[in-house]
Amino acid sequence: MRVRFAPSPTGMFHVGGARSALFNWVMAAQSGGTLVLRIEDTDASRNSPEWTEGIIRALAWLGMDGEQYEGPYFQSANTERHAEAAETLKGQGRAYYCDCTREAVIARTGDQHKGYDGFCRDRGLDAGPGRALRFRTPDEGQTTVVDLLRGKPVFENAVLEDFVIARADGSVTFLLANAVDDMSQGITHVVRGEEHLSNAPKQQLLWEALGAEPPVWAHVPVIVNEKRQKLSKRRDKVALEDYRAEGYLPEAMRNYLMLLGWAPSGDREIVPWDVIVDEFRIEDVNTSPAFFDEKKLRSFNGEYLRALPVEKFIAECLPFLQDAPFDVDVAVFAELAPLAQTRVAVLSEIVQMIDFAFLDEPPADEQSWNKAMKEPAAAILAAAEAAYRDAPWNAAELKDRLERVGAEHGLKLGKTQAPVRVAVTGRTVGLPLFESLEILGRDRTLTRIAAARARLEASS
């Protein structure tokens, strides 16, 4: 089996393309076959070396480095063979030159939605300015596409318009270039998005006209957003690079993308990669649209983060802390890391989660302040400050003393600790409070509580 993944360098790597790459990779691994990476770079207006490098980096982040695939090949390196195929089809009478404009077709048919009407089929035009080369589709019969997900869709040849295979400037179109490259690289299976299903009969006719056996196709379901609209880079967050930059783990992203249309056995979704490789069958992929649920992906990522050894979690966090607006003492962070690991869903959240421990003053969050600093906040802060001056400095004792403060005011611990949390960490939500106080230390804790009391007094 030789399966290919053939992305176009378009400035970002779409999560839908990432899913197709993973499906292809797993199929190749299961069969002992080869994954072929081909960059479809013949459109100069949509191509740059940086974008190609972005694709390769994205694949490597997912686990597909240069040892996992053959290539990369570049479609632009095969233009001579593309042109030869176009000439072969012209010589066989399977293609002809056409000088019709879209306006002329509409004028003849009276229908702006109708396809090309075959006007130039028998005019015998030669190559020339403004003349494209069209493939002559059969007038009768049917083209059957063997699809591992969809059975054997049948297309009536009579409704397939004569499509352009080479432009007036001699450059070939995607349909022909794609077919020729697949033939020259011995591709046996093609897994791609269902939006390409309508192209399959056309490409299959090209394969047959050029004397080759068509590949086995698998058109996987479209990926949609919460409104069941196809994911769009203009509207939705679709770039794999954005998810990586936000702090998603490649293992979590791989796991989640594989579930867009497929499910492992049993009542489970988070499964090791080797289990996915063992169980995945392209034939079991559902043809219904697959919902890309970012909330679910965040949940997946949180599970993967919590499963990391703490040393690995620390290592994954450090790159995100390098650009933090404060200096990080790695030894102190190592104490905070086990607390943060249970709470962050993506690695970029680590900065806000632990900033209070490295800033000279707690971060300013007026919404948190206004929510927590209501009566009897001033009295609780005063009592907490007094209770903590001589307390043994450990989380259990700090909790016990604050519980007693709360009891004196008829409050449960949750209400009692709110003003203390905001005074010390700046926010109403964060790491476990008493463990955080233990790491922050007595002096800094008391200084912050005193500063909060002074602010309350000044505003009263």
Side-chain angles (χ1 to χ4, degrees), residues 15 18 22 57-65 237 239-259 268-277 293-359 362-363 365 394-396 398-399 421 424-441 444-445:
V15 291
L22 291 170
R57 286 195 302 270
L59 292 176
W61 180 69
L62 286 173
M64 285 174 274
D65 58 23
K237 181 178 170 184
L240 191 71
E241 297 91 335
D242 290 343
Y243 288 98
R244 179 182 183 181
E246 194 173 340
Y248 285 86
L249 296 177
E251 298 84 358
M253 180 62 76
R254 275 201 319 243
N255 189 163
Y256 182 71
L257 289 176
M258 288 296 296
L259 301 188
R268 56 181 180 166
E269 292 184 310
I270 296 178
V271 291
W273 182 246
D274 59 347
V275 173
I276 290 176
V277 172
D293 186 347
E294 188 176 347
K295 291 181 180 178
K296 188 171 184 178
L297 173 59
R298 281 177 58 86
S299 176
F300 267 49
N301 201 65
E303 292 287 339
Y304 272 89
L305 287 174
R306 287 187 284 277
L308 292 176
V310 67
E311 296 80 8
K312 176 67 172 173
F313 175 75
I314 292 171
E316 293 285 356
C317 287
L318 289 179
F320 291 86
L321 293 172
Q322 288 176 353
D323 297 325
F326 49 82
D327 294 329
V328 176
D329 184 321
V330 177
V332 174
F333 174 61
E335 294 184 75
L336 293 167
L339 307 177
Q341 189 173 4
T342 63
R343 283 164 169 73
V344 296
V346 292
L347 290 167
S348 58
E349 293 175 347
I350 193 65
V351 175
Q352 184 170 305
M353 194 71 70
I354 56 92
D355 58 359
F356 74 92
F358 302 101
L359 294 169
D365 184 334
N394 61 76
L398 296 174
K399 178 182 177 182
R421 176 184 289 280
V424 176
T425 72
R427 300 186 181 93
T428 55
V429 177
L431 302 184
L433 176 61
F434 303 106
E435 289 80 356
S436 298
L437 299 184
E438 181 178 341
I439 295 169
L440 190 66
R444 296 178 72 193
T445 296

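Just so you know, residue 1 is the first one in the sequence shown, and it goes up from there.
Two residues are said to be in side-chain contact when any heavy atoms from C-beta on lie closer than 4.5 Å; M258 and W273 meet this criterion. L321 is not listed as a side-chain neighbour of F358, based on a closest heavy-atom distance of 4.5 Å or more. When side chains are defined from C-beta on, N301 does not count as touching Y243, because their heavy atoms never get closer than 4.5 Å. Residues L308 and L249 are in side-chain contact: their nearest non-hydrogen atoms beyond the backbone lie under 4.5 Å apart. Proximity of V15 to Y256: side-chain heavy atoms (C-beta onward) are nowhere separated by under 4.5 Å. Under the 4.5 Å side-chain criterion, counting only non-hydrogen atoms from C-beta, M253 is in contact with L257. Annotation: side chain of I439 is not in contact with side chain of L431 (no heavy-atom distance under 4.5 Å).
Of all the heavy atoms in A334 and P338, the pair that sits closest is O-CD, 3.3 Å. Of all heavy-atom pairs between I350 and C317, the closest is CG1-SG, 3.9 Å. Summarising the geometry of L398 relative to E438, their closest heavy-atom pair is CD1-N, 4.1 Å, with the distance given to 0.1 Å. Nearest approach of A357 to L440, heavy atoms of both residues: CA-CD1, 4.0 Å. When all heavy atoms of R298 and A345 are compared, the pair lying nearest together is NH2-CB, 3.4 Å. Summarising the geometry of G426 relative to D365, their closest heavy-atom pair is O-CB, 3.3 Å, with the distance given to 0.1 Å.
Atom CG of L259 and atom CG of D293 lie 12.0 Å apart (nearest 0.5 Å). Summarising the geometry, atom CD belonging to Q352 is positioned 10.5 Å from atom OG1 belonging to T425; distances are rounded to the nearest 0.5 Å. Atoms CG and CZ, on N394 and F434 in that order, are 11.5 Å from each other to the nearest 0.5 Å. E294 contributes atom CD, which lies 4.0 Å from atom NZ of K237 (distance to the nearest 0.5 angstrom). Note that OG of S299 is 6.0 Å distant from CD1 of I270, once rounded to the nearest 0.5 Å. Once rounded to the nearest 0.5 Å, the distance linking CD of E246 with CZ of F320 reads 9.0 Å.
Residue D327 places its CG atom among 12 or fewer non-hydrogen atoms of other residues, nucleotides or ligands, all under 6.0 Å distant. Heavy atoms of other residues, nucleotides or ligands lying less than 6.0 angstrom from CD of E316 number more than 12.
A salt bridge links R306 with E303; the closest basic N to acidic carboxylate O contact falls under 4.0 Å.
In this structure, a donor-acceptor pair under 3.5 Å is present between the side chains of Y304 and N255.
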Test side chain to side chain contact (heavy atoms under 4.5 Å, CB included) on L22 and M64 and set out the steps.
CA-CA 9 Å; L22 291 170; M64 285 174 274; 3.8 Å; yes
Full working for side chain to side chain contact (heavy atoms under 4.5 Å, CB included) between R268 and V275:
CA-CA 12 Å; R268 56 181 180 166; V275 173; 3.7 Å; yes
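Every residue was checked against the salt bridge (Lys or Arg N to Asp or Glu O under 4.0 Å) condition with E335, not counting sequence neighbours, and none meets it. A search for salt bridge (Lys or Arg N to Asp or Glu O under 4.0 Å) contacts involving D355 returns R427, not counting sequence neighbours.
For R444 (side chain) and V424 (main-chain N/O), no donor-acceptor pair under 3.5 Å exists by modelled atom type.
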